Amino acid sequence: MSEKKEVPLAAAFSPADIEAPLYQKWIDAGYFKADASSTKPPFTIVIPPPNVTGVLHIGHALDHTLQDILTRMKRMKGFEALWLPGMDHAGIATQNVVEKQLAAQGLSRHDLGREKFVEKVWEWKAESGGSILDQMKRLGDSVDWSREAFTMDEGLSKAVLTIFKRLYDEGLIYRAERIINWCPRCLTALSDIEVEHSDDAGEFVQVRYGDDELSIVVATTRAETMMGDGAVAVHPEDERYKHMIGKKVLLPLVNRMIPIIADELVDPEFGTGAVKVTGAHDPNDFEMAMRHGIDMPIIMNEHAVMANSGTRFDGMDRFEARKEVVEELRKLGRIVAEKRPYVHAVGHCSRCDTTVEPRLSKQWFVKVAPLAKAAGDAVRDGRVKIEPEEMSPRYFDWIDNMHDWCISRQLWWGHRIPVYYGPNDEVVVCGPGEEPPAGYVQDSDVLDTWFSSGLWPFSTLGWPDDSADLKKFYPTSVLVTGYDILFFWVARMMMLGLFAMDGIAPFKTIALHGLVRDRFGKKMSKSRGNTVDPIEFMDKYGSDALRFTLARGANPGADQALAEEWIGGARNFATKLWNASRFAMMNGATTEGALPAFDSLGGIDKWILTRLDQTVTEVDSLLEKFEFAKACELIYHFAWDDLCDWYLELSKASFAAGGESAATSARVLGEVLDQLMRIMHPVMPFITEELWCAFTGKETLVTAEWPKPNSGNSDESSIALVAQVQNLVTEIRRFRNDQGIKTSAKVAAKFIGLDTAALATYESALRQVCRLEEMTGGASARIEVGNVTIEFDLTGAVDVDAERARLTKDLATAEKDRQTAKVKLDNEGFMAKAPMEVVQEIRARLTETTADIERITAALAALPANK
RNA sequence: GGAUCGUUGGCUCAGCGGUAGAGCACCACAUUGACAUUGUGGGGGUCACUGGUUCGAUCCCAGUACGGUCCA
């Protein structure tokens with residue numbers, strides 16, 4: 001018997017005890033710091049910057065886990081790996097938070113004034129911003145903290161000024177009076193994507209415009225805006241209205257005469273086929289009004305309160321005014337029809353959910369056409385790949401039809417627009433370090449947050465300076481993010497990156513993942529009450545368990561469901577690894593010394609090394625393809641099934657025997673464990689580091705070498721051999737189970753035919769695993785598995801009924817299988833057209849099942865006919 | 001309304017032209033010195049429907065139904 005060794009691992013795995021110290025160790029050692037002067041090839045990921053106001057939610061946990069897997073793998077593969085962390089200043093969100101605090105003291109930002117308010121926001125950031133950064137440490141993110149960036153940092157602000165000026169100088173930024181999305185609560189313009197559409201219950205009324213002379217019925221969901229009408233529009237080919245085109249009609253309530261115009265935009269099928277044209281308060285109407293030179297009176301103020309309409313409705317909120325206007329029209333007998341509720345899509349502010357008000361105002365825009373064209377082409381001609389590819393139509397669909405981008409925001413927190421106005425409306429744009437002429441006044445607006453985050457992949461690397469980081473790490477290797485911000489962020493980085501970096505796209509690959517949903521696949525939301533807290537999960541099950549669960553669910557571009565028990569399952573997996581490692585170490589598993597020559601090894605050792613090589617090879621290739629779920633699945637089954645359930649069990653006899661065979665097993669087991677820990681490390685960094693260091697005595701797995709695929713230690717025949725052993729074991733266990741023999745009970749048994757099956761060497765392993773001892777007496781039962789017969793001496797009576805049931809079931813299976821094979825072979829078409837290999841396979845199946853049936857039938861007949 | 005994805009065991013998802021897989025859940029048995037956060041054995045699916053292509057379809061094609069997502 002070999003000696004059991006002392007093991008420096010706690011008897012039970014406790015993630016909480018190891019994780020924080022390990023992260024500290026990694027930071028202290030500087031493993032995550034990237035070196036721009038290194039000669040290694042670069043691998044770069046920039047983190048999608050979380051909002052400075054944010055806390056780590058489950059979506060971040062997924063996003064970060066995937067990025068960390070790639071970064072850690074590449075680091076082990078010998079790349080100069082840089083994962084760059086940072087945060088976004090999140091204009092509206094952050095301003096809202098601070099304004100709320102002020103409101104609690106009865107103050108508004110105007111009480112403080114711009115400068116003081118911005119100071120206050122910085123204070124808030126210093127005190128309570130960025131709590132997500134500490135949470136990232138819990139998760140194990142191997143980011144380079146020395147390069148942490150913030151979109152409002154000096155360097156990044158310089159990038160913003162630089163790009164603004166360049167775009168302006170090339171005519172790609174302009175100022176214009178347009179209809180924009182306006183949030184009456186945030187009091188700022190919003191870009192298209194900051195507006196979320198949802199089906200709301202509104203109303204749909206048909207109103208008779210005109211007098212006795214000429215009248216027309218218009219349909220609208222927004223009666224309150226009628227005081228701002230400049231015309232009524234109909235389709236030019238609409239026979240009902242053709243004769244009215246060009247005439248004027250009376251606008252009720254304000255008693256103004258407005259023209260009836262013809263425009264293709266009007267859908268004759270919709271409503272009455274006649275619509276009111278309110279240029280200042282509707283984007284479609286704005287287009288028509290522009291085309292026809294129609295007046296666009298503005299009849300609401302920035303709070304969406306009626307103003308300057310010259311009616312009694314002035315001073316009313318828009319929704320109140322809607323009711324009042326309709327009521328008034330009803331009194332006047334002008335309501336022809338009404339539908340209530342009328343469900344239609346209404347835009348809401350993505351920040352505060354207030355109903356967005358289209359508003360005519362002067363704003364700054366980016367002319368996107370040339371930028372979007374370049375961004376589309378980069379993907380079209382393959383310079384940038386979108387993974388999974390199925391997602392690219394969405395990208396094209398959007399970027400090829402993009403509207404000009406409204407970038408001015410009426411906020412105080414953000415990059416102030418670097419435009420200065422002279423006394424006679426002269427316009428000067430100042431780049432970094434430039435001063436406007438005396439007396440010029442800066443535009444009071446700030447830039448859309450996405451304007452600065454669009455520069456993220458290069459502004460964080462030092463652009464516009466020609467920095468060492470920029471040279472080494474740009475373009476970034478892969479962008480990992482949820483498909484939900486493909487438009488918000490990814491498209492903007494593509495546009496600005498290609499523009500700023502002379503046509504070099506900011507990343508080579510865009511790897512998209514999905515959203516985390518609840519256990520039933522439903523979207524998580526506060527209102528549904530089905531949100532989860534990743535921190536709580538890490539507390540309960542450990543970070544590795546959370547990471548493994550998320551990675552295991554991550555199929556490219558697809559959403560994933562998540563339930564707490566599944567994280568528990570991943571924790572169990574970690575525990576399994578812990579215990580397996582303890583067992584291995586007790587038995588002297590080692591990485592010391594050369595691995596014995598592969599050809600000199602026994603079948604089981606060859607088998608586990610072959611399986612290891614297959615697993616390493618496939619996991620490597622899957623991770624390179626962003627197939628995280630599949631890679632994790634392979635790791636899980638190799639570790640649990642192949643290694644723990646079979647190799648360790650089959651090796652116990654060898655360890656027990658001691659001597660040379662134990663030494664060989666110990667070395668092979670050491671090799672398998674070593675390599676397994678390496679391929680698992682990117683997914684479960686904490687436990688693998690803890691186990692591997694304890695086991696090898698080395699310093700760290702973080703920078704250890706990634707296993708080589710296709711090691712050459714591979715023998716296909718060992719797979720078939722162990723499959724035979726497994727089949728034998730399973731059948732014996734099944735027999736024992738059916739006979740009601742306790743797992744722990746030793747049974748006397750004799751193998752017949754192991755020689756011919758070339759399994760004689762494994763008899764002791766088989767006996768160990770199946771708990772069989774030498775049989776001295778006569779046999780009372782027997783089973784046949786392939787060419788091998790096992791005889792048992794059951795001390796008690798054999799349960800003949802159970803045995804008959806088992807055989808009957810086997811017979812039924814064999815007969816069914818034989819039948820399907822026979823049907824195929826009797827089919828002339830099949831015989832004539834199916835490929836040779838397939839026909840042979842089916843023939844073999846027929847032969848096999850026929851033999852099985854004979855054998856089982858004989859066994860059944862041999863059973864004593866009791867009762 | 002347009003686009004797009006999906007519909008596989010109780011739940012969540014893989015598979016995608018040659019006898020249906022996983023995790024969890026379920027049933028039975030078991031505390032054998034790595035592990036009850038466990039082990040062993042087991043049950044459970046006409047792969048939404050209807051047509052078509054094929055020797056053969058869960059897989060390819062067309063249509064239908066239902067569901068999701070994005071855009072309007």
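Since the structure is predicted, the reported quantities are computational estimates derived from the model, not experimental observations. The analysis underlying the following values was restricted to heavy atoms, covering all of them including side chains, and did not include hydrogens, waters or symmetry mates. So you know, we letter chains A, B, ... as the sequences are listed, proteins then strands, and number each from 1.
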Indicate yes or no: does [X] engage [Y] in a salt bridge with an N to O separation below 4.0 Å.
| X | Y | value |
| --- | --- | --- |
| A:Glu773 | A:Arg767 | no |
| A:Asp397 | A:Arg394 | no |
| A:Lys540 | A:Glu564 | yes |
| A:Asp400 | A:Arg380 | yes |
| A:Arg519 | A:Glu565 | yes |
| A:Glu633 | A:Lys630 | no |
| A:Glu649 | A:Lys652 | yes |

Closest to the [X] side chain: [options]?
| X | options | answer |
| --- | --- | --- |
| A:Asn555 | B:rC55, B:rC13, B:rC24 | B:rC13 |
| A:Ala834 | B:rC24, B:rG41, B:rG18 | B:rG18 |
| A:Lys630 | B:rU19, B:rC24, B:rG15 | B:rG15 |
| A:Phe520 | B:rC11, B:rC70, B:rG15 | B:rC11 |
| A:Arg734 | B:rG18, B:rU19, B:rG42 | B:rG42 |

Starting from [atom2] on [N], measure out to [atom1] on [X] and report it in whole angstrom.
| X | N | atom1 | atom2 | value |
| --- | --- | --- | --- | --- |
| A:Arg806 | B:rG42 | CZ | P | 11 Å |
| A:Ile783 | B:rG41 | CD1 | C1' | 13 Å |
| A:Asn530 | B:rU12 | CG | P | 14 Å |
| A:Glu837 | B:rU19 | CD | C1' | 17 Å |
| A:Met524 | B:rU12 | CE | P | 14 Å |
| A:Trp566 | B:rG23 | CH2 | P | 13 Å |
| A:Asp518 | B:rG68 | CG | C1' | 14 Å |
| A:Lys746 | B:rA30 | NZ | C1' | 16 Å |

| task | Assign a letter to each nucleotide of nucleotides 32-39 of chain B from its 5' end: B, base within under 4.0 Å of a protein heavy atom; S, sugar-phosphate only; -, no contact. | result | B-BB-BSB
| remark: RNA chain B in dot-bracket form (Watson-Crick or G-U pairs under 3.5 Å, [ ] crossing, | inter-strand) is ((((((((.[[[[.)..(..]]]].(((((.......))))).....[[[[[..)....]]]]]))))))).
Using the [atom1] atom in both, what is the distance from [N] to [M], to the nearest Å?
| N | M | atom1 | answer |
| --- | --- | --- | --- |
| B:rU58 | B:rU7 | P | 15 Å |
| B:rG23 | B:rU37 | C1' | 16 Å |
| B:rG51 | B:rG43 | P | 33 Å |
| B:rC11 | B:rG45 | P | 14 Å |
| B:rG21 | B:rU8 | C1' | 10 Å |
| B:rG15 | B:rA22 | C1' | 10 Å |
| B:rA20 | B:rA48 | P | 15 Å |

| message | For A:Thr820 and A:Asn737, find the nucleotide of RNA chain B closest to each by heavy atoms; which residue's nucleotide sits nearer the 5' end? | response | A:Thr820
| request: Would you please confirm or rule out a distance under 4.0 Å between OP1 or OP2 of B:rU19 and any side-chain N or O of A:Arg845? | output: yes
| task | Considering just the side-chain nitrogens and oxygens of A:Lys742, establish if one lies under 4.0 Å of OP1 or OP2 belonging to B:rU40. | result |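 Checking A:Lys742 against B:rU40: no side-chain N or O falls below 4.0 Å of OP1 or OP2.
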For [X], answer base if it contacts any base atom (sugar-phosphate contacts may also be present), sugar-phosphate if it contacts only those atoms, and nothing otherwise; contact means non-hydrogen atoms under 4.0 Å.
| X | value |
| --- | --- |
| A:Asp397 | nothing |
| A:Asp738 | nothing |
| A:Pro393 | nothing |

| said: On the six-membered ring of A:Trp566, is A:Arg552 placed so that its NZ or CZ lies under 6.0 angstrom from the centre and within 45° of the ring axis? | reply: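 Because its charged atom misses either the 6.0 Å distance or the 45° angle limit, A:Arg552 does not stack over A:Trp566.
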| How would you list, by chain and number, every residue that makes a salt bridge (charged side-chain N to carboxylate O under 4.0 Å, His left out) with A:Arg611, sequence neighbours excluded? | A:Asp642
| task | Anything under 30° is parallel, anything over 60° is perpendicular, the rest tilted; go ahead and classify A:Phe735 against A:Phe792. | result |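 The rings of A:Phe735 and A:Phe792 lie parallel, inter-plane angle below 30°.
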| Given side chains that start at C-beta, do those of A:Leu728 and A:Ile790 come closer than 4.5 Å, heavy atoms only? | yes
